[in-house]
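As structure tokens, the structure follows; a few thoughts come after it.
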Amino acid sequence: MSTWLRLLNSWKLQTRFTLLNHINCIRYSSRISDELLDKARSIVGDNNFTISEAARLLHGRDESYHVPLPPDLILFPTSTKQVSEIAKLCTIHKIPMIPFGTGTGLEGGVGATRGGVTLNMTRMDQILEVSTDDLFATVRPGVTRSRLNNHIRDTGMWFPIDPGADASLCGMVVTSASGTNAVRYGTMKENVINMEVVLANGDVINTSGTDCRAKKSSAGYNLTGLFVGCEGTLGIMTAATLRLYGIPESVSSAVCSFPSVYDAISTATMVIQAGIPVARLEFLDDVMMSACNKYSGLSYDETASLFLEFHGSSNSVEEQAELAKEIAKDNNSGEFQWTTDPEERSRLWKARHDALYASKALLPGCEVYITDVCVPMSNLPDVIVKSKQAISESGCIAPIVGHVGDGNFHCCFLLKPGDNEELKKVREIAMWMGRLAISARGTCTGEHGVGRGKIQLVQEQYGEDGISLMRNIKFALDPDNIMNPGKVITL
Ligand SMILES: Cc1cc2c(cc1C)N(C[C@H](O)[C@H](O)[C@H](O)COP(=O)(O)OP(=O)(O)OC[C@H]1O[C@@H](n3cnc4c(N)ncnc43)[C@H](O)[C@@H]1O)c1[nH]c(=O)[nH]c(=O)c1N2
Ligand SMILES: O=C(O)C(=O)Cc1ccccc1
Ligand SMILES: [Mn+2]
């Protein structure tokens with residue numbers, strides 16, 4: 001093709017794109033004035049601005065069953081200064097701002113309940129600092145968990161918090177995420193040292209003080225704790241400083257099946273009581289084992305099972321596995337298979353991390369409704385067994401998987417798309433499970449957050465006084481209710 005023809009084609013494409021953008025703009029952004037659009041575009045530049053329908057749809061949904069709620073406009077800021085200017089602009093125009101990390105959330109957190117501006121944070125993707133002496137890394141919100149770990153692998157350090165999905169680290173901070181390694185290394189709550197946050201009015205603050213990298217601090221109110229788990233309703237995270245750990249010299253992994261849920265959970269409890277520093281302690285019920293076998297081509301027993309992992313020196317991981325094996329035997333276990341072979345281990349954990357997709361494959365085309373209760377260990381077996389009973393009485397399919405070392409488990413209800421009756425039934429069971437967990441001295445969400453689906457349960461968990469304090473905090477930081485409105489609490 002001649003250069004002229006290529007130029008002509010590219011001009012045509014650009015004109016079409018501009019025209020389409022213009023049409024979309026007229027169709028969708030009744031809330032957003034031309035003046036605001038122009039100003040927003042001038043803050044981030046033409047290439048970091050879109051109102052295309054495809055982008056709007058993509059940004060209104062995460063990996064949950066929640067109905068997509070597209071924003072009017074998507075901006076891709078490239079600096080904290082730009083985020084601050086966007087916040088000032090949105091405050092002047094009283095337009096909602098919704099931060100978007102990688103969209104792997106499970107509670108509909110990125111949905112634009114009142115339209116507005118989504119800030120896609122993926123283009124702020126620098127790893128700002130890594131200190132192997134002081135064991136921390138400072139990252140911008142576009143950096144994902146696996147990118148950080150690939151970047152620092154040669155230093156012998158890693159960031160262990162692992163929700164399975166390759167989520168943005170800042171998204172993990174604001175959802176207070178955890179996953180399979182939390183039993184040993186804690187959740188995001190225990191692993192954030194400092195954060196840079198842009199507030200609704202455009203102010204930029206550091207939650208532990210301007211340049212603090214200390215492992216602990218008693219200085220003033222715990223602002224870091226306030227923003228961990230805020231789900232974008234109190235501010236926009238523009239950087240996070242996280243704790244790093246040494247990569248363990250040796251790792252062993254194990255699988256073991258049990259005749260009952262009680263035997264499996266008793267083993268989990270006793271492993272922890274025995275002081276074994278287990279790194280992963282995961283439960284899968286019979287239905288989930290069968291789903292994982294099918295999806296990942298495995299042939300494990302299809303009964304209640306534990307997947308375990310141990311970190312330490314080569315002697316220590318052997319010792320830990322053998323001790324756990326003894327405990328499992330005392331609880332009527334089947335064969336306890338353990339290995340240090342990297343390939344076998346990664347096959348096992350890949351199957352575990354694919355549990356969501358294995359569940360979905362049981363009913364092709366289905367949506368999933370996922371619960372996330374967390375209770376003290378002594379109440380865990382009863383809550384799991386009661387939940388399984390409720391699932392079987394309902395006639396629903398809902399494989400169960402859980403980070404049982406932390407008392408946390410998920411029921412993954414499979415939903416036929418468009419079946420509103422079934423959705424209603426599942427929602428009722430999920431609400432009942434949340435209440436069951438609260439009455440068993442636990443919480444309605446251990447790690448996925450509140451988003452749009454658990455607002456009522458959080459109200460019940462805290463009671464009027466607790467919620468009223470949360471509302472006051474929200475009002476102090478976001479008086480116009482424009483920071484990710486309609487999530488976590490209602491005003
Ligand atoms: C297969 C699979 C498996 C799992 C999970 C997901 C999937 C798909 N998850 C859930 C998910 O990975 C977790 O909630 C992540 O922390 C979400 O991070 P994203 O970057 O994707 O946030 P996403 O973009 O989905 O946003 C989530 C919320 O955070 C807000 N937000 C995002 N970035 C922000 C920023 N920079 N500033 C302010 N607010 C921001 C958003 O507005 C929204 O409210 C999970 N979780 C878990 O804890 N344990 C687990 O075991 C799993 N397992
Ligand atoms: O894998 C996990 O631990 C999750 O939190 C996601 C999930 C939830 C329910 C079934 C499968 C995966
Ligand atoms: Mn989980």
Side-chain angles (χ1 to χ4, degrees), residues 59 61-64 66 71 77 80 83 96-113 118-122 124 139-145 161-182 187-189 195-198 227-240 280 282-285 287-288 291-292 295 349 351-360 368-372 374 398-404 406 408-414 445-452 483-488:
H59 285 82
R61 68 165 310 155
D62 55 15
E63 300 243 9
S64 69
H66 287 282
T80 303
V83 175
M97 294 175 253
I98 307 105
F100 185 99
T102 50
T104 68
L106 296 171
E107 291 299 340
V110 294
T113 56
T118 285
L119 289 91
N120 178 317
M121 307 302 286
T122 50
M124 288 178 71
V139 296
R140 290 285 184 210
V143 179
T144 65
R145 181 179 65 80
I161 315 308
D162 177 8
D166 191 19
S168 75
L169 290 156
C170 286
M172 287 166 58
V173 172
V174 297
T175 53
S176 205
S178 45
T180 52
N181 280 314
T187 70
M188 290 309 280
K189 238 181 211 123
M195 284 185 234
E196 182 184 83
V197 183
V198 174
F227 285 94
V228 172
C230 78
E231 302 185 33
T233 64
L234 300 178
I236 302 168
M237 240 58 14
T238 45
R280 288 171 156 158
E282 298 287 304
F283 168 82
L284 294 88
D285 79 343
V287 188
M288 186 60 93
C292 287
Y295 187 79
W349 292 109
R352 166 59 188 91
H353 283 137
D354 282 342
L356 179 55
Y357 307 109
S359 305
K360 283 186 173 179
V368 289
Y369 192 124
I370 296 173
T371 66
D372 178 35
C374 185
I400 293 180
V401 67
H403 316 291
V404 288
D406 298 317
N408 183 201
F409 72 95
H410 315 296
C411 304
C412 183
F413 286 92
L414 310 184
T445 173
E447 56 176 22
H448 295 164
V450 182
R452 279 140 66 189
M483 300 291 321
N484 205 3
K487 318 291 162 57
V488 184

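From a predicted model like this one, the values you see are computed outputs, not experimental measurements. The first residue in the sequence is number 1, and the count goes up from there. Start at 1 and go down the list; that is how both ligands and their atoms are numbered.
Neither the backbone nor the side chain of Glu107 has a heavy atom within less than 4.0 Å of ligand 1. Residue contacts with ligand 1 for Asn484 involve side-chain atoms from C-beta outward but no N, CA, C or O (heavy atoms, distance under 4.0 Å). Residue Ile370 touches ligand 2 through its side chain alone, judged by heavy-atom distances below 4.0 Å. Only the side chain of Pro141 comes within 4.0 Å of ligand 1, counting heavy atoms alone; its backbone N, CA, C and O stay farther away. Looking at His448 against ligand 1, only its side chain comes within 4.0 Å, counting heavy atoms. Proximity of Glu63 to ligand 1, defined as any heavy-atom pair under 4.0 Å, is confined to the side chain (atoms from C-beta onward). The side chain of His448, and not its backbone, has at least one atom closer than 4.0 Å to an atom of ligand 2 (non-hydrogen atoms only; side chain from C-beta on).
Close approach to His410 involves these atoms of ligand 2, each under 4.0 Å from a residue heavy atom: 2 (C), 3 (O), 4 (C), 5 (O), 8 (C), 9 (C). Near Cys412, meaning under 4.0 Å from any of its heavy atoms, are these atoms of ligand 2: 9 (C), 10 (C). The distance from ligand 2 to the heavy atoms of Leu356 drops below 4.0 Å at these ligand atoms: 11 (C), 12 (C).
Taking a 4.0 Å cut-off on heavy atoms, Ala165 registers as neighbouring ligand 1. A heavy-atom separation below 4.0 Å is not found between Glu282 and ligand 2. Every heavy atom of His353 sits 4.0 Å or more from the atoms of ligand 2.
Separating the CG atom in Asp62 from the CD atom in Glu107 is a distance of 8.0 Å, to the nearest 0.5 Å. Atom CG of Asp166 and atom CZ of Arg145 lie 5.5 Å apart (nearest 0.5 Å).
Distances between N or O atoms of Ser359 and those of ligand 2 include no value under 3.5 Å. For ligand 1, none of its N or O atoms has an N or O atom of Tyr357 under 3.5 Å away.
Contact of the Cys412 side chain with the Leu356 side chain is registered, since non-hydrogen atoms from C-beta on lie closer than 4.5 Å.
Between the OE2 atom of Glu447 and the NE2 atom of His410, the angle taken at the Mn ion (ligand 3) works out to 90° after rounding to 10°.
In this structure, His448 and His410 have parallel ring planes: the angle between them is below the 30° cut-off, well short of the 60° mark.
Note on Glu447 versus Lys189: no salt bridge recorded, every NZ/NE/NH1/NH2 to OD/OE distance being 4.0 Å or above.
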